[in-house]
A.B. asks: 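First the structure, which I've put down as structure tokens, then a few questions once you've had a look.
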Amino acid sequence: MNIIIRLREKYAALLTDKQIPLMQSRIKILAYGLILMMALLSLIIINSLIRADYATSMRLSVSVITMCTAQYFLIEKGKWRMSAHLFLLSLCSIIWTNLLLYNFGINLVSLQLSLIIISASFYTLGKNWGIIYSLANVLPIVIHLLITRSQHGKITVTPLQLHDNSFMLALIVNFGILITMHYEFFKSFFKSHYKERELNTKLQSALQEAQEATRLRSDFLSSMSHELRTPLHAVIGLINILSVENPRKDQEENLAILRFSAENLLALINDTLDFSKMNEDKIILNKSPFNLNLLLQNILASFKPKAETRGIDLRLNIDFENAPLHIIGDQTRLTQILNNLISNAVKFTDQTGIVEISISTKTRDEDEVTLLFTIKDSGIGIPKNKQSIIFEPFLQANNNITKRYGGTGLGLAIVKRLIKLHESELILQSEENIGSAFSFELRYKLTPTSTPQENSPAVTTVISSISNLNILIAEDNIINIMLLKKILDQWNCNYSLSKNGKEALDMVKTGAFDVVLMDIHMPVMDGFEASRQIRELPDVNISKIKIIALTASSDVDIQQSFSYTYLDDYLTKPFSSQLLKEKLEAVVQQQSGK
Ligand code: ADP
């Protein structure tokens, strides 16, 4: 009695909820199959002994012992595979001995046994073993039937070999085993199916929640960056204005510190927002023509003062120096990549060091050019074991870097992603205390002809004439208005003010303006809507007025906005007065080119 209780406990322990339904059905199929088969064979053995059929009882006793061992492996050891093999082999041995030793022929019970072997082998051991066991007992049966047909001229399935009672019992029990096996297997099949459906539903809702969370995070970052950029615009703008209003020497120093801090804060906001957008695959490369030589010279010029104060020799080597390269691509993103790498090179190079920017042509045909960019420095270098982690966001080569050089550890992560977006990769070669070289290849389409403005001899004369422009400012923020006025006053520009999109629209209708500096977020009517309505005005001369949006949203937000199509250009706040000047100069150039 104790043994039965212990076996039941062990059997229940095998069927824990942790087991997948298929596993549970395997264990049940084996346990039930073995018990029923052992009970059946034991009864047949007794019956055979009574009828003095010792050969049958011996043969079946071997099978019962094998099945007992199988049950032991299953219940005691939990080794269901071994148990299944023993169970199937003992069944196969009954069929094979029927055929070989006793030449009993094929009776109904043998066919039932072969069906049990086929089903049990597939259900418990899977498809490969299923095929092997199926063939192992089906083939001998088929061969036997073919031989008997050639000998007797017909196929016979002998109806009776066992004693009547044993035969009936075997038929019923075998059917019972077949039904139990299929029942258990399909029960587990449906259980798995329902579990899978349940899991899919949970996954679906988890995915939706994650997407919603990402959207909220992205919205939060966008609005946060917008809110932070607006006051920062005022701070940087005022610093710029104060700097040109002849400050005293001590004030100049204070202003420099203020500018440094404000610009660092801005870089941090921009990097964080950029990085988050990149993670959401929201950055799309813009394709417009630009002069690469000009861009490189501008970038170099922006780093020159810093390099000079630190005693660093900043060099530019390009193999297309004498033939300006006009390419089509994302100028802003290339600038961002180069700015990050050059700024690092200058930052991590000590006095009297060298920073070299080289761009060489790898391949060039009529339409396309592949350029190899290398930014090399003779700075502190990066230890071998840190060379992979520095591309991870927020990671720096060591903890002292922030203290000594500042930075957030986002720059390289952004650069790496931007280069990947160009379908290329960033390669680093660096040795500690010797220097570093970051290189990457970019492929660009060549512009069919050079851009007209660069060849225009009239450029310098036109630049001075922005003072003739009639500018309409559409802006609701008092500080921003004050800033814009101060900037425009420096260049003696003519301007008028409107406090929202509606007012701007009404003023544009008078036809008195050349260009609108349009804030996007305004009360009553926002800048996008005002621009849309301006474009729909019946007078073509008025509806085609130049509109330059001024916005604290990110470049990506603006470019991806549907309403971007109504704008001629945009400036993201905080922008430098120089940039505004360039945009206004472009308007003058276009007007004079008409
Ligand atoms: P940050 O410059 O803001 O720290 P980056 O992602 O641009 O972040 O750089 C990550 C780290 O990689 C830096 O902190 C520095 O340890 C290392 N690094 C990057 N460029 C250089 C370089 N040119 N020379 C030496 N170390 C560098």
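The first residue in the sequence is number 1, and the count goes up from there. Order of listing sets the numbers, starting from 1, for every ligand and every atom in it. The structure displayed is predicted, hence computed values, not measured ones.
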A.B. asks: Examine ligand 1 and decide if any of its atoms is less than 4.0 Å from a heavy atom belonging to L410.
C.D. replies: yes
A.B. asks: With a heavy-atom distance limit of 4.0 Å, tell me whether I382 approaches ligand 1 through its side chain, its backbone, both, or neither.
C.D. replies: side chain
A.B. asks: Going by heavy atoms, is F391 under 4.0 Å from ligand 1?
C.D. replies: no
A.B. asks: Is the backbone N or O of S430 less than 3.5 Å from a side-chain atom of K384, with the two atoms forming a donor-acceptor pair by type?
C.D. replies: yes
A.B. asks: How about R259 and S243: does a side-chain donor come under 3.5 Å of a side-chain acceptor?
C.D. replies: yes
A.B. asks: Ligand 1 and F348, any nitrogen or oxygen pair closer than 3.5 angstrom?
C.D. replies: no
A.B. asks: Could you check whether Q204 and Q208, counting side-chain N and O atoms only, form a donor-acceptor pair closer than 3.5 Å?
C.D. replies: no
A.B. asks: So which of I342, I389, L412 gets nearest to atom 5 (P) of ligand 1, if we judge by its closest heavy atom?
C.D. replies: L412
A.B. asks: Would you check whether K386 reaches within less than 4.0 Å of ligand 1, judged by its heavy atoms?
C.D. replies: no
A.B. asks: Among T370, L372, L371, I318, which residue meets the side-chain contact (heavy atoms from CB on, under 4.5 Å) test with T361?
C.D. replies: L371
A.B. asks: Just by distance, with hydrogens left out, do Y495 and D489 show a side-chain donor and acceptor under 3.5 Å apart?
C.D. replies: yes
A.B. asks: Would you mind running through ligand 1 and noting each atom that sits below 4.0 Å from a heavy atom of G381?
C.D. replies: 25 (C)
A.B. asks: Does one side chain, of T374 or S358, offer a donor that lies under 3.5 Å from an acceptor on the other?
C.D. replies: no
A.B. asks: If we ignore angles and hydrogens, is there a donor and acceptor under 3.5 Å between the side chains of D319 and S360?
C.D. replies: no
A.B. asks: Given I414, V355, I380, N344, identify the one with the heavy atom nearest to atom 7 (O) of ligand 1.
C.D. replies: N344
A.B. asks: Taking only non-hydrogen atoms of S436, do any sit less than 4.0 angstrom from ligand 1?
C.D. replies: yes
A.B. asks: Do side-chain atoms of R310 reach the backbone of G353 as a donor and acceptor pair under 3.5 angstrom?
C.D. replies: no
A.B. asks: What atoms of ligand 1 come within less than 4.0 Å of a heavy atom belonging to F438?
C.D. replies: 20 (N), 23 (N)
A.B. asks: Considering only heavy atoms of I390, which atoms of ligand 1 have at least one such atom less than 4.0 Å away?
C.D. replies: 10 (C), 11 (C), 12 (O), 17 (C)
